[in-house]
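Here is how names work: the chains are called A, B, and so on, in the same order as the sequence lines, proteins then strands, and each is numbered from 1. Predicted model only: the values in this text are computed from it and were never measured.
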Protein chains: 2
Amino acid sequence: MEGESYKTRKVITIGIVSELTGLSERRIRYYEERKLITPERSEKGNRKYSFSDIEQLMDIANKREEGVPTQEIRQDILKEKKKKEEENERDIRKKMLRGQINAQFGLRDK
Amino acid sequence: MEGESYKTRKVITIGIVSELTGLSERRIRYYEERKLITPERSEKGNRKYSFSDIEQLMDIANKREEGVPTQEIRQDILKEKKKKEEENERDIRKKMLRGQINAQFGLRDK
DNA sequence: CGTGTAAGGAATTCTGACACG
DNA sequence: CGTGTAAGGAATTCTGACACG
């Protein structure tokens, strides 16, 4: 519940991402154009990626090798995203329920 | 035993480190000269830092504000490092001992 | 559609040095 | 000692375009 920050923090420039993934900068920018990844931008407009983005890119590269078109990859990504959001919602509901129960029995959070 | 990788992987350029820490690039380079941090280098010679380095830098900045000289900060860092190494050694010994005991009793690792 | 490449400009980073205190 | 700044060059990144298939 915090260790995620290193993984999702957008701080890596495109050159390093290219080294780490083995993809050309051209391809990396193109996948952004096709909305497969969404880097942040620095003040002067330079792209910044997270480790998470890098992993995403490697998945994308694998699928591309199998001939999957970007449009289809995007669908897959959207499904994955939706799935995770639902999981998060379920977790939140669980926690809220637990909170209500604790309140009912006069328990203190700690 | 792997989640460390995001924290210690050296992938962040000095400009971003400067933004994240609020320190000038000049100061960041100087602290390297004084051996308070040790970034890696890209092929063409650009410095690359980890999140860990960034945290280290913020500690350094705090101590500098208190007037602690870099030379003293370096000593502190070395002590910290030694302490952690000893902890690691102890852990390894524990694990080895456990392994021996398991072998003695014919237990399988799994 | 997906990717390479050459093009020109703007921003980044590097080193060594001078400044001040 | 610790940090700022100006200097000049090299490497990085950006965008829009043409190429090919």
Side-chain angles (χ1 to χ4, degrees), chain A residues 9-78, chain B residues 9-78:
Chain A
R9 204 84 187 275
K10 309 235 180 190
V11 296
I12 310 176
T13 52
I14 196 167
I16 305 229
V17 172
S18 176
E19 280 179 36
L20 259 35
T21 61
L23 301 176
S24 67
E25 298 186 7
R26 178 69 171 92
R27 286 177 70 184
I28 297 170
R29 293 196 189 99
Y30 180 68
Y31 296 150
E32 174 182 3
E33 190 184 321
R34 302 311 314 280
K35 299 187 189 289
L36 304 187
I37 40 171
T38 56
E40 290 181 359
R41 296 282 184 144
S42 71
E43 296 187 35
K44 271 63 165 285
N46 285 19
R47 273 167 264 250
K48 296 188 293 183
Y49 302 84
S50 66
F51 283 111
S52 212
D53 291 329
I54 288 175
E55 291 176 11
Q56 178 89 273
L57 280 168
M58 300 188 79
D59 285 351
I60 293 168
N62 285 333
K63 288 186 182 168
R64 282 296 303 132
E65 270 184 68
E66 295 168 16
V68 185
T70 58
Q71 128 82 357
E72 198 168 316
I73 297 176
R74 174 167 33 187
Q75 301 308 327
D76 292 353
I77 290 173
L78 288 175
Chain B
R9 204 83 188 275
K10 310 238 180 188
V11 296
I12 311 176
T13 52
I14 197 167
I16 305 228
V17 173
S18 177
E19 280 179 35
L20 259 36
T21 60
L23 301 177
S24 67
E25 298 186 7
R26 177 68 171 94
R27 286 178 70 185
I28 296 171
R29 293 196 190 101
Y30 180 67
Y31 296 150
E32 175 182 3
E33 190 184 321
R34 302 312 314 278
K35 298 186 190 286
L36 304 187
I37 40 172
T38 55
E40 289 180 0
R41 296 281 185 145
S42 71
E43 295 186 36
K44 269 68 164 283
N46 285 19
R47 274 167 265 250
K48 297 188 294 183
Y49 302 85
S50 66
F51 282 112
S52 212
D53 290 330
I54 289 175
E55 291 175 11
Q56 178 88 274
L57 280 168
M58 301 188 79
D59 285 352
I60 292 168
N62 285 334
K63 288 186 182 169
R64 282 295 304 132
E65 269 184 68
E66 294 167 17
V68 184
T70 58
Q71 129 81 353
E72 197 167 316
I73 297 176
R74 175 168 31 187
Q75 301 309 328
D76 292 354
I77 290 172
L78 287 176

Could you check whether B/K63 pairs with B/E72 (Lys NZ or Arg NE/NH1/NH2 to Asp/Glu carboxylate O, under 4.0 Å)?
no
Over all strands shown, is B/S42 touching base, sugar-phosphate only, or nothing at heavy-atom distances under 4.0 angstrom?
nothing
Separation of atom CG in B/N46 from atom P in D/dT13, rounded to whole Å
8 Å
What does A/R34 touch in the nucleic acid at a heavy-atom separation under 4.0 angstrom: a base, only the sugar-phosphate, or nothing?
sugar-phosphate
Comparing B/V68 and A/G45 on DNA chain D - which has the more 5′ nearest nucleotide:
B/V68
To the nearest Å, how far apart are A/E33 CD and D/dG16 P?
10 Å
With rounding to the nearest 0.5 Å, note down the distance linking CD1 in B/I60 to CZ in B/R27.
10.0 Å
Can you tell me if A/Y30 touches the phosphate of C/dG2, counting only side-chain N or O atoms and a distance under 4.0 Å to OP1 or OP2?
yes
Nearest to the side chain of B/P69, heavy atoms from C-beta on, is which of D/dG2, C/dT13, D/dC14?
D/dG2
d(B/I12 CD1, B/S18 OG) to nearest 0.5 Å is 12.5 Å
Please state how far atom CD in B/E32 lies from atom C1' in C/dC14, giving the value in whole angstrom units.
11 Å
Measuring to OP1 and OP2 of D/dT13, would you say a side-chain N or O of A/K44 lies under 4.0 angstrom away?
no
Side chain to side chain contact (heavy atoms under 4.5 Å, CB included) for B/T38 and B/K10? Distances and angles first, verdict last.
CA-CA 10 Å; B/T38 55; B/K10 310 238 180 188; 4.1 Å; yes
Should B/E33 and B/R29 count as an ion pair when the cut-off is N to O under 4.0 Å?
no
Under 3.5 Å: donor-acceptor pair, side chain of B/D76, backbone of B/I73:
no
Taking 4.0 angstrom as the limit, do A/E32 and A/R41 come out as a salt bridge?
yes
Which nucleotide in the set D/dC14, D/dG4, D/dG2 lies at the smallest distance from any side-chain heavy atom of B/R27?
D/dG4
Pairing string, 5' to 3', for DNA chain C - Watson-Crick or wobble contacts under 3.5 Å, brackets [ ] where pairs cross, | to another strand:
.||||.||.|.|.||.||||.
Specify the residues of residues 10-26 of chain B, ordered by number, for which at least one heavy atom lies under 4.0 angstrom from an atom of DNA chain D.
B/S24, B/R26
Atom-to-atom span, CD of B/E66 to P of D/dG2 - whole angstrom:
15 Å
Cut-off 3.5 Å, side chains only: do B/Y30 and B/R26 have a donor facing an acceptor?
no
Mind calculating the distance between CD1 (A/I28) and C1' (C/dG4) to the nearest angstrom?
14 Å
Measure the distance from CZ on B/R41 to P on D/dA10 and round it to the nearest whole Å.
17 Å
D/dT3 phosphate, OP1 or OP2, under 4.0 Å from B/R64 side-chain N/O:
yes
Mind checking the CG-NZ spacing from B/N46 to B/K48? Nearest 0.5 Å is all I need.
9.5 Å
Would you indicate which nucleotide in D/dC14, C/dT15, D/dG2 comes nearest to any side-chain atom of B/R47?
C/dT15
Specify the separation, in whole Å, of atom OH of A/Y49 and atom C1' of D/dT13.
10 Å
Taking only side-chain N and O atoms of A/Y31, does any of them lie within less than 4.0 angstrom of OP1 or OP2 on C/dT3?
yes
May I ask you to decide whether A/R47 forms a salt bridge with A/E40, counting only side-chain N to carboxylate O separations under 4.0 Å?
no
Could you state the CD1-P distance from A/I73 to C/dG2, rounded to the nearest angstrom?
8 Å
